[in-house]
Amino acid sequence: MRGSRKLAVTAMAAAALTIAACSSGSSGSSGTTGSSNNSTGSANSSAKVTLTWWNNGTAQPLRGIWDAAIAAFDAAHPNVSVQNVPHQNEFFKSNMPIALRSNTPPDIYQQWGGGDEATQIKTGKLTNLTQDVSSWIGTLGRAAAGWQVNGQQYGVPYDQHLVGFWYRTDLFAQAGITSAPTTIPQLESDDAKLRAHGIAPIGLGGQAQWPDAFWWEYFAVRECSQSVIQQAMSSVNLSAPCFSQATKDLTAFLATSPFEGGFNAVAAQSSPASSAGMLANGKVAMELQGDWEPGEALGDTTNKSIDSKLGWFPFPAVPGGQGDPSAVLGGGDGWSCTTGAAEPACAQFLQYIDSTQVQEQLVTQASIGLPANSAAESAITNAAVKAAAHAHDTAAYVAVYFDQAVPTNPGLALDAAIANFFAGKGSNSAIINSVSSNSGH
């Protein structure tokens with residue numbers, strides 16, 4: 001699922017001690033670390049290579065899949081040993097910036113691409129994987145682009161995400177809604193029908209703040225053309241008029257009271273009282289969330305057949321907007337190798353994770369949503385997830401989450417500005433200026 005980047009700026013002195021204990025670095029024949037030219041560190045070399053792997057697979061079933069992948073890879077590469085070092089997402093996000101400033105970063109670590117990756121490259125600790133993955137990265141199609149900086153591959157995805165509406169088909173039927181809305185006016189009309197039947201229309205989970213950003217960003221994707229969005233992200237500037245129009249659209253939508261009561265104080269995930277839990281337990285009819293929603297909902301309810309009650313539809317079109325209505329907002333999870341890692345071995349391990357065999361296991365056993373390797377999409381059985389996958393595959397383009405597309409500090413500032421707006425404390429100018437004023441330009 002998508003983690004919050006706000007924790008990336010929470011650095012405590014004690015964290016450095018934890019990093020030193022967890023990160024052993026890769027070892028070649030000399031047992032040294034830090035060299036990006038470790039020719040003895042090949043998976044085909046006689047020297048033993050150890051790769052430490054930071055990931056957020058702390059719980060089953062994902063942890064078991066990663067352990068099995070390690071065992072299979074190590075067996076096929078007897079001179080390689082991958083050490084699984086899972087961390088809770090919060091720890092991971094807060095400590096990776098510190099790790100990259102240390103002399104012993106993990107060899108492989110969770111990477112969300114985009115502006116964060118571009119920021120991390122400046123540490124000099126990320127391996128340029130372009131040559132090592134050139135023979136197979138094309139099988140991932142456009143999924144790999146989000147982990148490129150200036151055309152160079154500094155990371156590799158293992159899944160893809162898109163944001164859309166997950167809804168309770170039974171509650172829609174109860175309110176007499178026979179088809180999903182395709183425009184914002186239709187969505188507002190459906191909200192009114194749901195309220196008339198005593199059903200809260202939409203869950204937000206504003207306590208986490210990042211769900212707020214989905215709303216403003218999607219209005220922007222519908223109002224702005226693809227070229228304007230891409231130029232804004234690359235220039236770290238939101239001054240184009242369509243972004244201010246997105247704020248006006250959001251303001252008008254908020255005035256219709258579409259969300260659950262006290263939405264700013266509701267958690268987004270991980271409990272029956274969260275917005276995901278409210279959807280799973282029939283307390284709200286819809287939620288604008290990522291493709292991880294079915295798996296999240298399943299963990300937040302005792303109803304183990306919740307999958308059969310979930311439908312999916314894309315963010316509706318905005319009348320008069322210049323954005324392609326098929327464009328989607330999304331991102332994904334992936335990995336980077338650090339310069340102390342044995343590059344061929346590291347890249348080969350990432351290739352194995354993206355093999356159809358492992359990708360199908362991630363789909364069927366870990367409910368990752370959309371695999372990076374499209375060959376594994378045939379393993380998707382959930383009808384709603386299939387609909388989301390089709391929308392992703394046929395989208396005019398995938399707009400990366402804005403806070404991820406721009407560098408780290410502007411992304412954090414944008415999230416905060418949008419959250420303040422939802423809380424009634426912000427303004428359009430604060431949103432628009434949050435990115436450029438924190439870009440360092």
Side-chain angles (χ1 to χ4, degrees), residues 1-2 65 69 108 110-118 121 126-164 221 225-227 229-230 233-234 290-292 312 314-315 323-337 346-364 366-382 384-402 404-405:
M1 66 188 66
R2 185 173 190 264
I65 293 173
I108 311 169
Q110 196 109 7
Q111 172 63 261
W112 284 267
D116 263 350
E117 182 179 274
I121 288 172
L126 272 66
T127 297
N128 186 336
L129 296 167
T130 305
Q131 183 175 350
D132 289 331
V133 303
S134 60
S135 64
W136 60 271
I137 196 70
T139 62
L140 304 186
R142 68 182 182 184
W147 283 259
Q148 293 175 358
V149 176
N150 297 325
Q152 300 296 296
Q153 204 77 45
Y154 285 91
V156 174
Y158 75 87
D159 68 10
Q160 303 176 83
H161 295 313
L162 85 160
V163 176
V221 169
S225 68
Q226 178 179 356
S227 61
I229 292 288
Q230 292 174 335
M233 297 302 104
S234 62
D291 53 278
W292 53 81
W312 186 90
F315 195 90
D324 191 309
S326 75
V328 297
L329 181 71
D333 299 279
W335 319 105
S336 282
C337 300
C346 189
Q348 287 165 10
F349 182 61
L350 302 189
Q351 180 181 11
Y352 180 64
I353 290 177
D354 279 336
S355 67
T356 302
Q357 173 188 351
V358 176
Q359 291 273 289
E360 287 180 343
Q361 291 174 352
L362 289 167
V363 169
T364 59
S367 301
I368 64 165
L370 311 183
N373 181 347
S374 61
E377 284 189 10
S378 60
I380 298 174
T381 58
N382 181 290
V385 178
K386 281 186 176 181
H390 177 73
H392 183 276
D393 293 345
T394 58
Y397 74 104
V398 178
V400 176
Y401 314 120
F402 292 5
Q404 196 68 46

For residues S336 and G155, report the shortest heavy-atom separation together with the two atoms involved. OG-CA, 3.7 Å

Are the side chain of Q361 and the backbone N or O of I65 linked by a donor-acceptor pair below 3.5 Å? no

Locate the shortest heavy-atom distance separating A143 from P157; write the atom from each residue and the value. O-CG, 3.6 Å

Point-to-point distance, once rounded to the nearest 0.5 Å, from OG of S227 to OH of Y397: 8.5 Å

Could I get the full list of side-chain contact (heavy atoms from CB on, under 4.5 Å) partners for A387, not counting sequence neighbours? W312

Quick one about H161 and D333 (side-chain donor to acceptor, distance below 3.5 Å, no hydrogens or angles considered), yes or no? yes

Does the side chain of P371 reach to within under 4.5 Å of the side chain of E377, using non-hydrogen atoms? yes

Rounding to 0.5 Å, atoms CD1 (I137) and CG (L129) come to a distance of 8.5 Å

Does some side-chain heavy atom of D159 sit less than 4.5 Å from a side-chain heavy atom of W292? no

When you measure from the side chain of D324 to the backbone of A396, do you find a donor-acceptor pair of N or O atoms at a distance under 3.5 Å? no

Is there side-chain contact between V363 and I368, with at least one heavy-atom pair below 4.5 Å? yes

Where the side chain of N373 meets the backbone of A375, is there a donor-acceptor pair that is under 3.5 Å apart? yes

Partners passing ring-ring contact (aromatic ring centres under 6.0 Å, His included) against W335 (at least two apart in sequence or in another chain): W53, W66, Y158

Answer yes or no: does atom CD of Q131 have more than 12 heavy-atom neighbours from other residues, nucleotides or ligands under 6.0 Å? no

Nearest heavy-atom approach of Q111 to G113 is OE1-N, 2.9 Å

To the nearest 0.5 angstrom, please state how far the OG1 atom of T381 sits from the NZ atom of K386. 7.0 Å

Ignoring hydrogens, what is the shortest heavy-atom contact between C337 and A347? Give both atom names and the distance. SG-N, 4.4 Å

I want to check something: taking the side chain as every heavy atom from C-beta on, are I121 and Y154 in contact at a cut-off of under 4.5 Å? yes

Carefully, step by step, assess V385 and L370 under the rule side-chain contact (heavy atoms from CB on, under 4.5 Å). CA-CA 8 Å; V385 178; L370 311 183; 4.3 Å; yes

Side-chain contact, heavy-atom cut-off 4.5 Å: V400 with M233? no

Separation between CG of N382 and OG1 of T364, rounded to the nearest 0.5 Å: 13.0 Å

Least distance between heavy atoms, Q404 atom then W112 atom: NE2-CB, 3.5 Å

Which atom pair, heavy atoms only, marks the closest approach of I108 to F349? CD1-CD2, 3.6 Å

Measure the CG-CG distance between L140 and D354 for me, rounded to the nearest 0.5 Å. 5.0 Å

For the residue pair T130 and Q153, confirm or rule out a side-chain donor-acceptor distance under 3.5 Å. no

Atom CD1 in I229, atom CZ in F402: separation rounded to 0.5 Å? 3.5 Å

